[in-house]
Protein chains: 2
Amino acid sequence: MSQPSGPRPTASPSLTERRKAATQLDIARAAAELFAEKGPDDTTAEEIAGRAGVALRTFYRYFRSKQDAVGPLLSSGGDRWRALLAEAGPGAGLAQALESAAVASLSTPDDVANEGMRWTRGLLRAARHDPALRAVWYRVNQESEEKLQPVVARLAGPDADPLEVRLVAAAATDAIRVAFETWATTDAETLGEDSPARLVVRCLRELTGGLRLVRNGR
Amino acid sequence: MSQPSGPRPTASPSLTERRKAATQLDIARAAAELFAEKGPDDTTAEEIAGRAGVALRTFYRYFRSKQDAVGPLLSSGGDRWRALLAEAGPGAGLAQALESAAVASLSTPDDVANEGMRWTRGLLRAARHDPALRAVWYRVNQESEEKLQPVVARLAGPDADPLEVRLVAAAATDAIRVAFETWATTDAETLGEDSPARLVVRCLRELTGGLRLVRNGR
DNA sequence: CGCCTTAGTGGCACGTTTTGCCATTTCGAC
DNA sequence: GTCGAAATGGCAAAACGTGCCACTAAGGCG
């Protein structure tokens with residue numbers, strides 16, 4: 001649609017699927033740019049659609065609301081984390097698995113991941129003055145927590161208490177969230193001293209270190 | 001505005017303030033009723049305003065959106081809890097204070113509190129099928145967490161790490177949230193075996209039991 | 001190769017949401 | 001009782017969000 005990346009015949013689902021994903025990202029970037037420039041409520045959905053090169057009607061096929069458009073930028077990091085966690089074998093304890101996956105997903109100098117983190121910082125700063133944008137951040141985290149539950153359940157084994165699994169997922173998600181919110185208030189790099197990775201590790205250890213399910217291992 | 005409660009010259013800020021609070025509650029109840037009857041998106045803001053006996057324009061002076069109208073019903077419980085916590089002296093440890101305040105705010109057969117819990121259950125059930133309503137629940141919890149931070153900070157003492165204070169507030173809020181969400185899926189009474197109070201205690205102990213700040217006491 | 005089914009897109013119309021502005025009423029202080 | 005401030009209501013308009021239909025591109029099949 002806009003990113004004329006060479007048509008790689010590598011993996012990927014199908015050509016149409018990739019197009020759709022690219023369009024979604026185009027819209028998301030356009031929205032994030034405009035939100036950063038003028039603030040979310042001085043930006044109309046039509047402007048976002050226009051900059052992304054789609055019709056207004058199409059915009060609302062991809063996102064249910066104006067603010068939702070930046071969702072993919074905010075959730076991509078969590079998606080990476082969960083994907084890594086899902087692959088992880090039951091080698092180490094639950095706490096170790098959570099932490100390793102987080103560090104792995106954050107410390108790679110990956111282009112996409114880095115871009116996501118920068119957008120996240122900008123959006124979190126804009127969200128300080130915009131309730132609707134904050135709502136998107138809450139929703140993204142909430143959905144991340146829900147999607148995290150089955151992953152944690154698998155790592156914890158089949159006889160784990162569902163309520164405890166849920167609390168672990170909630171605590172872990174909170175750790176990530178608080179770490180990013182803290183990082184967003186600073187000007188620290190994505191990899192340096194006050195990097196998200198360091199903060200996440202600290203928050204994770206603090207929050208999940210005492211959970212029974214985590215201490216018992218699997 | 002509608003509840004013709006006798007003009008008690010007891011405490012309360014001013015007459016106007018009480019009127020405003022009453023109006024807000026009237027709107028909130030009207031919204032919750034209609035949401036339960038027809039679902040949030042088959043309900044128009046005008047209907048809510050009409051049932052509450054105010055003009056549409058006035059509705060939007062009290063709430064920034066249709067779904068927001070039920071906010072007060074969802075947040076009242078947390079407000080009670082925080083108020084109790086703010087009064088608590090530094091006698092016991094932080095965990096004990098959190099738990100005691102929660103139990104106290106939940107186990108009283110108070111009319112208002114009970115009403116709030118019933119509304120909460122109905123709204124949480126409706127929220128399962130309505131993203132916008134879920135967003136209100138997220139927002140309420142988030143704001144509760146933010147308002148909880150200074151209270152926790154006071155209980156933790158002046159030399160506590162702000163980041164740890166924040167994590168405690170997040171964990172405690174999550175405990176309440178998960179407990180209520182779990183309770184909402186059951187038909188248990190507000191005071192019985194699977195009561196919110198029991199669940200909250202269990203979640204709180206699980207989540208905050210291992211936090212350094214909590215263990216160290218003050 | 002042409003045909004057909006399917007999915008994605010754009011355009012339009014419409015009801016609803018939400019806000020700005022101003023007139024009117026009500027409350028509280030004096 | 002009178003005055004200023006705050007709350008309310010009504011009106012209009014911008015923007016949001018959705019249902020509907022026509023159009024086009026993509027992939028499967030004879």
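Naming: A, B, ... by sequence-line order, numbering from 1 per chain.
- Remark: the A:Arg61 side chain and the C:dG10 base include a donor-acceptor N/O pair separated by less than 3.5 Å.
- One atom, CZ of B:Phe59, and another, P of D:dG10, lie 16 Å apart when rounded to the nearest Å.
- In this structure, the OH atom of A:Tyr60 is 15 Å from the C1' atom of C:dC14, given to the nearest Å.
- Remark: A:Glu146 engages no residue in a salt bridge (charged side-chain N to carboxylate O under 4.0 Å, His left out) (not counting sequence neighbours).
- B:Glu46 places its CD atom 8 Å from the P atom of C:dT16, with the value rounded to the nearest Å.
- For the pair B:Leu56 CG and C:dG15 P, the interatomic distance rounds to 17 Å; values are reported in whole Å.
- Spacing between atom CZ of A:Arg64 and atom P of D:dG19 amounts to 11 Å, rounded to whole angstrom units.
- Within the structure, every pair that satisfies the salt bridge (charged side-chain N to carboxylate O under 4.0 Å, His left out) test and touches residues 175-187 of chain A, not counting sequence neighbours, is listed here: A:Arg125-A:Asp187, A:Asp174-A:Arg177, A:Arg177-A:Glu181, A:Arg177-B:Glu145, A:Glu181-B:Arg166.
- For the pair B:Arg29 and B:Trp119, the NZ or CZ position fails the cation-pi test of under 6.0 Å to the six-membered ring centre and within 45 degrees of the ring normal.
- Note: A:Leu133 CG to A:Leu124 CG = 8.0 Å, rounded to the nearest 0.5 Å.
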Under 3.5 Å, which N/O atoms of the protein pair with N/O atoms of nucleotides 24-30 of chain C?
from	atom 1	to	atom 2	distance (Å)
C:dC27	OP1	B:Arg19	NH1	2.8
C:dC27	O3'	B:Thr16	OG1	2.4
C:dG28	OP1	B:Thr16	N	2.9
C:dG28	OP1	B:Thr16	OG1	2.7

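- As a whole-Å value, the separation of A:Asp68 CG from D:dC16 C1' is 13 Å.
- A:Asp42 is linked by a salt bridge (charged side-chain N to carboxylate O under 4.0 Å, His left out) to nothing, counting only residues two or more places apart in sequence or in another chain.
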Exercise for review: Assess whether side chain to side chain contact (heavy atoms under 4.5 Å, CB included) is satisfied between B:Gln149 and B:Val152, documenting all intermediate values.
Suggested key: CA-CA 5 Å; B:Gln149 281 175 227; B:Val152 170; 5.9 Å; no
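- At a threshold of 4.5 Å between non-hydrogen side-chain atoms, the residues B:Phe59 and B:Glu46 do not count as touching.
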Extract from the structure each pairing of a protein N or O with an N or O of nucleotides 11-15 of chain D at less than 3.5 Å, listing the distance.
none

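- When the nucleotides C:dT9, D:dG9, D:dA7 are ranked by their closest atom to the side chain of A:Tyr62, C:dT9 comes out on top.
- B:Gln24 has its CD atom 13 Å from the P atom of D:dA7, to the nearest Å.
- The distance from atom CD1 of B:Ile48 to atom P of C:dT16 is 13 Å, rounded to the nearest whole Å.
- Rounded to the nearest 0.5 Å, atoms CG (B:Asp79) and CG (B:Leu84) are 11.0 Å apart.
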Contacts under 3.5 angstrom, residues 63-75 of chain A side chains, donor-acceptor by atom type, not counting sequence neighbours:
from	atom 1	to	atom 2	distance (Å)
A:Ser65	OG	A:Asp68	N	3.3
A:Lys66	NZ	A:Pro40	O	3.3
A:Lys66	NZ	A:Thr43	O	3.0
A:Asp68	OD1	A:Arg139	NE	3.3
A:Asp68	OD1	A:Arg139	NH2	3.1
A:Ser75	OG	A:Gly71	O	3.1

